[in-house]
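Positions are given from 1 along the sequence. The model shown is predicted, which means the values in this text are computed figures rather than measured ones. The analysis underlying the following values was restricted to heavy atoms, covering all of them including side chains, and did not include hydrogens, waters or symmetry mates.
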Amino acid sequence: MIDKIDNLKNEISALTASSAEEVEVLRIKYLSKKGSVSVLFNDFRTVPSDQKRVIGQALNELKNMATDKINSLREALESTDSVDASLDLTRTPAVMPLGSRHPLSLVRNEIISIFSRLGFTVAEGPEIEDDWHVFSSLNFAADHPARDMQDTFFIQRDPDVLLRTHTSSVQSRVMEHTQPPIRIICPGRVYRNEAISARAHCFFHQVEGLYVDKNVSFADLKQTLLYFAREMFGPETKIRLRPSYFPFTEPSAEMDISCNLCGGKGCSFCKHTGWVEILGCGMVDPNVLDACGIDSKVYSGYALGMGVERITNLKYQVKDLRMFSENDRRFLEEFRSAH
């Protein structure tokens with residue numbers, strides 16, 4: 001009988017199963033009332049008295065071994081069946097709709113991408129600024145209208161601390177601590193004390209560009225603007241530059257693009273002119289370079305600035321500026337496919 005027990009132990013130790021049904025078949029085969037282990041227990045009655053102790057102990061070990069083996073096979077299959085590797089247990093039972101980027105973020109990122117291909121890097125600065133970086137360093141006269149309380153938010157009635165009215169303050173900070181060549185764009189939020197309407201808001205977003213190096217010319221500026229316009233609005237886009245005035249550039253210009261709705265033929269959007277204004281630009285005034293510690297006799301540069309809301313309006317025909325800040329999900333979901 002000892003040989004039968006040893007053979008059965010070897011057989012049980014090698015058992016495998018790939019399903020719960022197979023485990024149940026093995027349990028019946030070895031541990032049921034008519035199973036192999038039970039048959040040996042029935043034969044135990046014929047064992048001589050002097051061998052009962054040894055054989056009884058061996059039978060008990062065999063039964064325990066068979067029981068443990070069957071249980072271990074069952075537990076292994078249950079643990080495999082209960083956890084599906086492809087199932088995300090952190091998900092909610094309800095379907096969660098996918099979000100979308102804000103249209104201003106989409107356009108800002110596209111502007112950054114276009115200028116990065118020209119070698120521009122992103123520079124950032126504080127939104128709470130001082131008078132020097134926002135106005136004085138940029139050649140604003142002491143009596144310039146932009147310093148008036150109706151245009152600028154001042155902090156605690158302190159005329160030297162204010163919310164920046166343009167991201168040109170970042171340009172002056174970079175020029176203070178960096179020697180040319182400088183090639184940066186400055187995206188960010190700006191603030192002006194204006195009545196909120198469909199065409200104006202007390203805060204909005206700008207992206208300004210600055211390039212300072214030796215022998216930088218207006219032709220370099222024009223080529224950069226043409227490249228940007230065609231990358232943003234299409235290869236058939238045309239540009240024109242009109243003389244203008246900004247305290248920190250000389251000469252200064254405003255840039256128009258051919259209307260992307262009518263192709264320059266004239267429509268209500270472009271007021272039947274075929275052109276739409278999108279940004280201001282010009283050569284950096286020598287006074288600005290000198291104020292920031294850059295020798296204007298050696299270096300020259302150009303600057304440009306655009307409103308992100310303005311570009312977004314042209315690209316997606318959003319006619320009410322207030323839509324950008326009202327957090328209306330119906331409006332934001334329209335841009336889900338624009339990623």
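At distances below 3.5 Å, at least one donor-acceptor pair connects side-chain atoms of T167 with backbone N or O atoms of C186. Looking only at distances, a side-chain donor or acceptor of E277 sits under 3.5 Å from a matching main-chain atom of L279. Under a 3.5 Å cut-off, the side chain of T249 and the backbone N or O of D285 do not form any donor-acceptor pair. Counting only distance, with no hydrogens or angles, the side chain of Q206 and the backbone of G305 share no donor-acceptor pair below 3.5 Å. Side-chain atoms of S105 do not come within 3.5 Å of backbone N or O of R101 as any donor-acceptor pair. Formation of a donor-acceptor pair under 3.5 Å by the S116 side chain with backbone atoms of S113 is found in this model. With S32 contributing its side chain and K29 its backbone, the two residues share no donor-acceptor pair below 3.5 Å. With N287 contributing its side chain and N139 its backbone, the two residues share no donor-acceptor pair below 3.5 Å. One N or O on the side chain of E208 and one on the backbone of S168 form a donor-acceptor pair closer than 3.5 Å.
A salt bridge does not link D295 to K297: none of the charged side-chain nitrogens sits closer than 4.0 Å to a carboxylate oxygen. A salt bridge links R329 and E333; the closest N-O separation between the charged side-chain nitrogens and carboxylate oxygens is under 4.0 Å.
Not less than 6.0 angstrom separates the ring centroid of Y302 from the ring centroid of F218. F248 and H133 have their aromatic ring centers separated by at least 6.0 angstrom.
In this structure T312 satisfies the side chain to side chain donor-acceptor pair (under 3.5 Å) test with no other residue, sequence neighbours excluded. Listed by chain and residue number, nothing satisfies the side chain to side chain donor-acceptor pair (under 3.5 Å) test with N313 (two or more places apart in sequence, or in another chain). Every side-chain contact (heavy atoms from CB on, under 4.5 Å) that T121 has, sequence neighbours left out, goes to I184. Evaluation of the ring pair (Phe, Tyr, Trp, His ring centres under 6.0 Å) rule for H201 yields F203 as partners, not counting sequence neighbours. Checked against side chain to side chain donor-acceptor pair (under 3.5 Å), E129 has the following partners two or more places apart in sequence or in another chain: R173. Q223 pairs by the side chain to side chain donor-acceptor pair (under 3.5 Å) definition with nothing, not counting sequence neighbours. Residues meeting the side-chain contact (heavy atoms from CB on, under 4.5 Å) test with E127, sequence neighbours left out: R164, R189, Y191.
Annotation: E124, atom CD; neighbour count of heavy atoms from other residues, nucleotides and ligands within 6.0 Å does not exceed 12. Counted within 6.0 Å of NZ on K9, heavy atoms from surrounding residues, nucleotides or ligands total more than 12; the atom is thus considered enclosed. Annotation for N215: atom CG does not count as buried by contact number, only 12 or fewer foreign heavy atoms lying within 6.0 Å.
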### Task
Apply side-chain contact (heavy atoms from CB on, under 4.5 Å) to the pair R192 and D151, showing each step before the final yes or no.
CA-CA 5 Å; R192 293 182 187 177; D151 294 327; 5.7 Å; no
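Counting all heavy atoms, side chain and backbone alike, L31 lies closest to A66 at CD2-CB, 3.7 Å. Closest approach of A17 and L73 over heavy atoms only: N-CD2, 4.2 Å. Across V212 and V216, no two heavy atoms sit closer than the pair C-CG2, 4.4 Å. Residues T152 and T165 come closest through the heavy atom pair OG1-CG2, 3.7 Å. For the pair T178 and I294, the tightest heavy-atom approach, listed with the atom from each and the gap, is O-CD1, 4.2 Å. The minimum heavy-atom distance between C281 and L304, with the atom names listed, is CB-CB, 3.9 Å.
Placement of V288 and Y245 in two distinct hydrophobic clusters is found when ILVMFWY residues are connected by side-chain heavy-atom separations under 4.5 Å, directly or transitively. The hydrophobic cluster containing W132 does not contain F135, counting ILVMFWY residues as joined when their side-chain heavy atoms lie under 4.5 angstrom apart, directly or transitively. Both I311 and V122 are members of a single hydrophobic cluster when ILVMFWY side chains are connected at heavy-atom separations under 4.5 Å. Taken together through direct or relayed side-chain contacts under 4.5 Å among Ile, Leu, Val, Met, Phe, Trp and Tyr, F153 and I128 form part of one hydrophobic cluster. In the hydrophobic cluster analysis, where Ile, Leu, Val, Met, Phe, Trp and Tyr join through side-chain heavy atoms closer than 4.5 angstrom, Y316 is grouped together with M323.
Think of V190 as one node in a network of Ile, Leu, Val, Met, Phe, Trp and Tyr side chains linked at under 4.5 Å; its network also takes in F204. The hydrophobic cluster containing W275, built from Ile/Leu/Val/Met/Phe/Trp/Tyr side-chain heavy atoms closer than 4.5 Å, comprises no other residue.
Evaluation of the salt bridge (charged side-chain N to carboxylate O under 4.0 Å, His left out) test over residues 14-26, restricted to residues two or more places apart or in two chains, returns E24-R27. Contacts classified as salt bridge (charged side-chain N to carboxylate O under 4.0 Å, His left out) and involving residues 235-249 (residues at least two apart or in different chains) are given here: R240-D256, R242-E254, R242-D256. Residue pairs meeting the salt bridge (charged side-chain N to carboxylate O under 4.0 Å, His left out) criterion with at least one member in residues 210-232, sequence neighbours excluded, are R117-E231.
The aromatic rings of F120 and Y211 sit perpendicular to each other, their planes meeting at more than 60°, with 30° as the lower class boundary.
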